[in-house]
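One structure is given below, encoded as structure tokens.
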Amino acid sequence: MGIEMEETLSRELHEVADRLAVPPMPSLPSHASNGGQPSRRAWEPPLVAAATIVVLAVVGLLALQEGGHDPQPAPPPGPAASQAPPSRADDPEGQRHQRRIERLQDPAGQVPRTGPGVTVTLSDAPEEVISSTTHDLNFLVVHQQDIRSVVNAMWKAGAIAVTVQGQRVVSTAEITCEGNAVILQGMPYSQPYRVSAVGDQDSLLAAIDSDPDLKVYRQQAADPEISIGWDLQLEPSITAPAYEGQLDLNDGEPRRG
Amino acid sequence: MVVASQRHAQDAPTFEEYAASAWPRLYRTAYLLAGSHADAEDLAQQTLVQAFRTWDKVSRADHPAAYLRRMMTNLYISGRRPKSRRFELLTDTPPEPRTGGSGHEDRLELWPHVASLPPRQRAVIVLRYYEQLSEREIAETLDCSTGNVKSTAHRALKALRAAIGSHAHEGEEA
């Protein structure tokens with residue numbers, strides 16, 4: 001058994017190894033010309049440090065030369081930030097990143113958009129229904145998931161820009177519920193909730209029409225015992241401002257030990 | 001003296017030449033150790049990066065292949081990656097499934113169980129039955145005594161035997 005197993009092991013390991021499709025060798029740090037030199041990677045931190053010092057020195061010199069002038073206010077963030085600093089213009093890597101930033105600014109919700117679209121307004125059931133109901137109260141108020149369903153249906157329809165209460169919503173935006181208010185970017189809003197999309201009206205209507213969750217919502221809106229608020233308007237022009245919140249997601253990291 | 005070292009420099013392969021010739025073998029061993037294409041590529045690549053950093057030493061070694069094997073085994077066992085690579089990055093493509101070896105691999109008797117061995121035992125199995133190294137060579141690779149290699153191999157084989165044993169029993173009951 002012992003020998004047999006060792007033979008099987010040897011055969012199987014070779015079989016597995018021989019059947020592998022070996023990928024092409026990855027390109028390694030630029031080593032072609034300098035056989036025995038340390039890798040470029042090892043030099044990157046000192047190079048970055050050196051570059052930082054050079055930049056600081058240049059900034060310092062410029063500041064000295066401009067010493068006589070009145071201090072200029074810092075340029076406002078936002079549109080001005082898209083103008084590449086001159087040092088980047090010569091650097092193909094920098095230019096590439098710059099083009100990427102410009103290309104992604106719009107899809108990331110950093111550019112205001114205006115155009116025809118659709119507005120859905122969700123509201124709680126009227127006071128008299130709420131006070132006289134025998135239903136669970138949860139049927140009678142708008143929930144975060146109702147707002148999300150509308151937003152998601154709009155995105156599914158290819159909406160160019162979506163707003164909730166006039167605030168631009170992007171892929172990292174949170175729509176959460178706290179008590180009877182809905183929180184958008186840390187700000188509580190109370191009902192009615194206006195969700196608007198700039199985009200092709202036919203597609204938007206079709207997506208909102210076919211969304212299963214919204215179908216249930218509309219049935220409940222039509223039910224006089226619930227009559228939760230649903231309103232849909234086609235609008236010739238909707239303006240979605242640029243998103244002003246943070247774009248990056250912060251994440252946690254597990255504690256070691 | 002100067003002449004001799006120049007001659008040596010001419011005879012020794014450049015890193016690039018050596019890496020290109022060593023890559024397939026390195027990758028295959030890395031796959032047997034790491035068990036997935038992505039991890040195998042990482043492991044083999046890290047080994048080459050490390051070899052490149054110490055190329056002066058590696059190229060002068062009697063057996064560069066043994067030198068690289070040693071680097072790779074240690075990289076695998078210690079599981080340590082260069083700091084810059086330990087952070088996780090968002091990507092557009094989902095990772096390949098862990099168990100997603102080819103259908104062929106699933107049909108093998110022992111290979112699936114090799115994957116569940118602890119790293120050191122797995123390394124000993126791969127070095128012994130794929131690289132066909134002697135106990136002394138394995139001891140040098142792992143920087144331990146031959147006695148230690150023997151006991152590690154013994155434990156690995158015992159675990160494998162137990163694994164296929166329990167599998168066989170399951171088969172009987174079913």
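None of these values were measured; they are calculated from a predicted model. The sequence lines fix the lettering, A, B, ..., with proteins before strands; numbering per chain opens at 1.
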message = Given heavy-atom pairs under 4.5 angstrom as the criterion, report whether the side chain, backbone, both or neither of B:Val58 touches chain A.
response = neither
message = Need one label for B:Ile125: side chain, backbone, both or neither, based on atoms under 4.5 Å from any heavy atom in chain A.
response = both
request  = Could you label the plane-to-plane angle of the B:Phe15 and B:Trp55 rings as parallel, tilted or perpendicular, counting under 30° as parallel and over 60° as perpendicular?
outcome  = perpendicular
inquiry  = I want to check something: taking the side chain as every heavy atom from C-beta on, are B:Leu127 and B:Arg69 in contact at a cut-off of under 4.5 Å?
reply    = yes
remark   = Note: vs chain A, highest number of non-hydrogen pairs under 4.5 angstrom among B:Val114, B:Leu110, B:Leu26 is B:Leu110
task = Specify which of A:Thr8, A:Asp18, A:Leu13 makes the most heavy-atom pairs with chain B at under 4.5 Å.
result = A:Leu13
request  = Kindly state each residue pair satisfying side chain to side chain donor-acceptor pair (under 3.5 Å) with at least one member in residues 149-160 of chain B, sequence neighbours excluded.
outcome  = B:Asn148-B:Thr152
request  = For A:His14, enumerate each residue passing the ring pair (Phe, Tyr, Trp, His ring centres under 6.0 Å) test, keeping only those at least two apart in sequence or located in another chain.
outcome  = B:Tyr130
key: Toward chain A, the part of B:Arg25 with a non-hydrogen atom under 4.5 Å   = neither
inquiry  = With a 4.5 angstrom heavy-atom cut-off, is it the side chain or the backbone of B:Leu32 that approaches chain A, or both, or neither?
reply    = side chain
request  = Could you tell me whether the side chains of B:Glu137 and B:Ser134 share a donor-acceptor contact shorter than 3.5 Å?
outcome  = yes
